[in-house]
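First comes the structure, then the notes that go with it.
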Amino acid sequence: MDIFKALLLTFAAAPGLWGYQLRPRDAVSSDPYPFCNPAENKNCICGGKYLVPTLEFSLEDSDGDRAFNEYLLPHSFTISKWNNGKMPERCYYWGVTADHWNPTEFIIYNVTFDDCTFSPSVVCWHPTAPKNVTQIATEISRIPAKLRQSISMYLVYGDLDSDNTLYNGYMATFAADGIIIGRSGAYFATSLVHEMGHGADSNLVSPDAPHPGSGSAFSSTSAWQTAANADDFAVSAYGAGSYTEDFAEAGRAVLLDIIYPGGLETFTNNNPNLTQITRQLGTFKSVAGDFYTPGGTCDPAYKFPFPAVLVDVAPATTSSADQATATLNRQNGGSTYTGPTACGPGYTCSNVK
Ligand SMILES: *[C@@H]1O[C@H](CO)[C@@H](O)[C@H](O)[C@H]1NC(C)=O
Ligand SMILES: *[C@@H]1O[C@H](CO)[C@@H](O)[C@H](O)[C@H]1NC(C)=O
Ligand SMILES: *[C@@H]1O[C@H](CO)[C@@H](O)[C@H](O)[C@H]1NC(C)=O
């Protein structure tokens with residue numbers, strides 16, 4: 001039995017591309033802030049320190065995830081299946097070129113949310129995904145329309161390891177492409193709030209927003225970095241990994257503050273250390289608070305566009321023997337997998353035979 005770490009850690013792979021990556025955790029250190037060691041990681045912010053007691057909002061069914069499920073109600077949507085033998089080029093790129101799934105196996109759907117009727121989202125769904133398109137769309141529909149509009153495509157595959165070492169096969173946002181990709185089990189409320197935070201960072205509040213695909217991000221500006229440096233504590237352990245992750249984590253905290261009765265203070269049972277992240281939350285709210293407010297509809301000026309470039313999905317050219325190998329590798333977690341196998345505190349792990 002191999003244990004695979006499914007990370008919610010992301011950092012910038014390139015401007016506008018945010019991918020989950022493997023990083024070792026120090027599980028036994030007595031250092032209260034062991035997560036991001038500035039001596040080993042030049043991306044650490046705030047000297048690697050983060051808010052303690054921590055905000056319990058990372059895992060599925062954590063306090064934060066349950067709050068999002070309770071206070072962000074699903075919107076209705078309609079689903080229609082493509083039958084034109086095509087898929088969005090960006091789904092092809094991330095799913096097939098980068099991750100080696102068989103293009104002919106994907107099923108492509110328009111999902112039209114009732115608060116964003118002028119521009120459907122696209123779900124590129126692989127049949128290895130245990131969650132069906134209705135379940136995936138229901139999770140996505142909880143995200144406020146004005147935040148959800150930062151993304152237009154979702155690539156969904158099975159819950160076993162993918163070939164994409166860039167984000168360890170768990171979940172990632174490639175904001176410049178307007179796409180979230182991930183295993184179906186990673187599609188739950190709080191992970192989507194975090195991922196959409198990357199979409200907001202690049203596509204809604206960056207200095208040149210709205211300009212999908214520009215590659216710049218608000219988290220790269222001095223406005224954000226000054227706030228984080230002045231607070232001198234990241235919003236969370238992940239957040240300590242980079243300004244980019246800290247911004248996405250601040251989005252979770254701000255959304256909880258907006259939707260939770262009594263706000264973040266009540267959610268945290270009056271965590272006395274909340275003042276350590278005041279500047280970040282204030283800055284975040286001033287630039288992005290409106291996008292994180294439930295209600296309303298997508299805005300044509302901000303909605304990440306429906307994919308313009310489609311590709312023909314040609315019949316598979318690999319031999320059946322090649323495909324059997326690829327399938328087997330996925331089922332045993334990948335014969336070439338050499339990454340860490342320990343599951344750090346606060347992270348989701350899958351046991352894969
Ligand atoms: C508040 O943060 C400090 C670090 O600045 C920490 O030492 C202290 O234990 C935290 N308070 C609580 C109640 O956890
Ligand atoms: C999907 O949405 C696009 C953009 O609105 C539209 O052109 C296309 O016909 C839709 N396809 C299906 C199958 O609904
Ligand atoms: C999707 O899964 C749910 C839950 O198992 C089920 O109720 C529903 O009928 C499924 N929908 C489709 C379109 O398969």
Side-chain angles (χ1 to χ4, degrees), residues 16-17 74-141 143 145 148-159 162-164 171-184 186-187 192 195-196 199 203 210 212-213 297-320 322-323 326-327 330:
L17 309 183
H75 282 264
S76 56
F77 50 81
T78 57
I79 294 176
S80 64
K81 187 173 163 180
W82 291 23
N83 56 10
N84 58 359
K86 294 182 187 294
M87 71 192 290
E89 187 276 337
R90 288 289 90 183
C91 280
Y92 189 94
Y93 176 76
W94 289 111
V96 179
T97 308
D99 209 8
H100 312 127
W101 296 97
N102 181 341
T104 63
E105 292 171 359
F106 279 96
I107 303 174
I108 316 300
Y109 300 94
N110 280 1
V111 178
T112 307
F113 297 102
D114 68 1
D115 51 9
C116 199
T117 50
F118 64 87
S119 182
S121 296
V122 177
V123 174
C124 302
W125 184 86
H126 192 271
T128 49
K131 285 187 188 171
N132 66 34
V133 64
T134 306
Q135 293 169 298
I136 297 290
T138 301
E139 297 297 332
I140 296 167
S141 78
I143 308 300
R148 194 193 320 123
Q149 68 186 338
S150 68
I151 296 297
S152 71
M153 279 169 277
Y154 304 87
L155 178 63
V156 184
Y157 51 74
D159 289 346
S162 90
D163 289 349
N164 198 329
M171 192 176 235
T173 300
F174 295 91
D177 289 347
I179 191 169
I180 288 175
I181 61 186
R183 54 179 70 186
S184 80
Y187 281 81
L192 288 167
E195 296 301 330
M196 299 262 183
N203 298 331
T297 56
C298 295
D299 177 344
Y302 282 91
K303 170 70 176 65
F304 200 97
F306 186 87
V309 184
L310 310 180
V311 294
D312 291 314
V313 181
T317 52
T318 45
S319 70
S320 55
D322 287 346
Q323 286 182 32
T327 302
R330 280 218 174 79

Item to check | Heavy-atom side-chain proximity of Phe106 to Leu155 below 4.5 angstrom | outcome: yes

Checklist entry - Is the backbone of Ala129 close enough, under 3.5 Å, to the side chain of Ser184 for a donor and an acceptor to pair up by distance? => result no

Checklist entry - Got a second to check how far Asp177's CG is from Arg90's CZ, nearest 0.5 Å? => result 4.5 Å

Checklist entry - Quick one: are Ser152 and Lys303 in side-chain contact, heavy atoms under 4.5 Å? => result yes

Checklist entry - Quick check: does any side chain N or O of Lys131 sit under 3.5 Å from a backbone N or O of Tyr187, one acting as donor and the other as acceptor? => result yes

Checklist outcome for this item: Closest heavy-atom pair, Thr134 versus Thr138, reported as atoms and distance to 0.1 Å, is O-OG1, 2.7 Å

Item to check | Residues Asp99 and Trp94: side-chain donor-acceptor under 3.5 angstrom | outcome: no

Checklist entry - In Å, rounded to the nearest 0.5 Å, how long is the span from CZ of Phe174 to CD1 of Ile180? => result 11.0 Å

Item to check | Spatial distance of atom CE (Met196) from atom CD (Gln149) [nearest 0.5 Å] | outcome: 10.5 Å

Checklist entry - Distance from Asn110 atom CG to Ser119 atom OG, nearest 0.5 Å? => result 9.0 Å

Next on the checklist: Using every non-hydrogen atom in the two residues, find where Ala145 and Asp115 come nearest and quote the distance to one decimal.
Outcome noted: CB-OD2, 3.4 Å

Checklist entry - Of the options Tyr157, Trp125, Tyr92, which is the one that meets Trp101 in a ring-ring contact (aromatic ring centres under 6.0 Å, His included)? => result Tyr157

Item to check | Six-ring centre of Phe113, Arg148 cation under 6.0 angstrom, axis tolerance 45° | outcome: yes

Checklist entry - Counting N and O atoms only, with roles assigned by atom type, does the side chain of Glu139 sit under 3.5 Å from a partner on the main chain of Ile136, one being a donor and the other an acceptor? => result no

Checklist outcome for this item: So CD1 of Ile151 and OG1 of Thr173: to nearest 0.5 Å the spacing works out to 5.5 Å

Checklist outcome for this item: Nearest heavy-atom approach of Pro212 to Phe304 is CB-CE1, 3.1 Å

Item to check | Validation row: Pro307, Val122 side chains within 4.5 angstrom (heavy atoms) | outcome: yes

Item to check | Heavy-atom pair with the smallest gap, counting every atom of Pro103 and Val313 | outcome: O-CG1, 3.2 Å

Item to check | Heavy-atom closest pair, residues Ile108 and Pro88 | outcome: CG2-CD, 4.0 Å

Checklist entry - Rounded to the nearest 0.5 Å, how far apart are CZ of Phe77 and OH of Tyr109? => result 12.0 Å

Item to check | Sidechain-backbone polar pair: Ser141 side chain, His75 backbone, donor-acceptor under 3.5 Å | outcome: yes

Next on the checklist: Show the nearest heavy-atom pair for residues Phe118 and Asp299, with the distance to one decimal.
Outcome noted: CZ-C, 3.9 Å

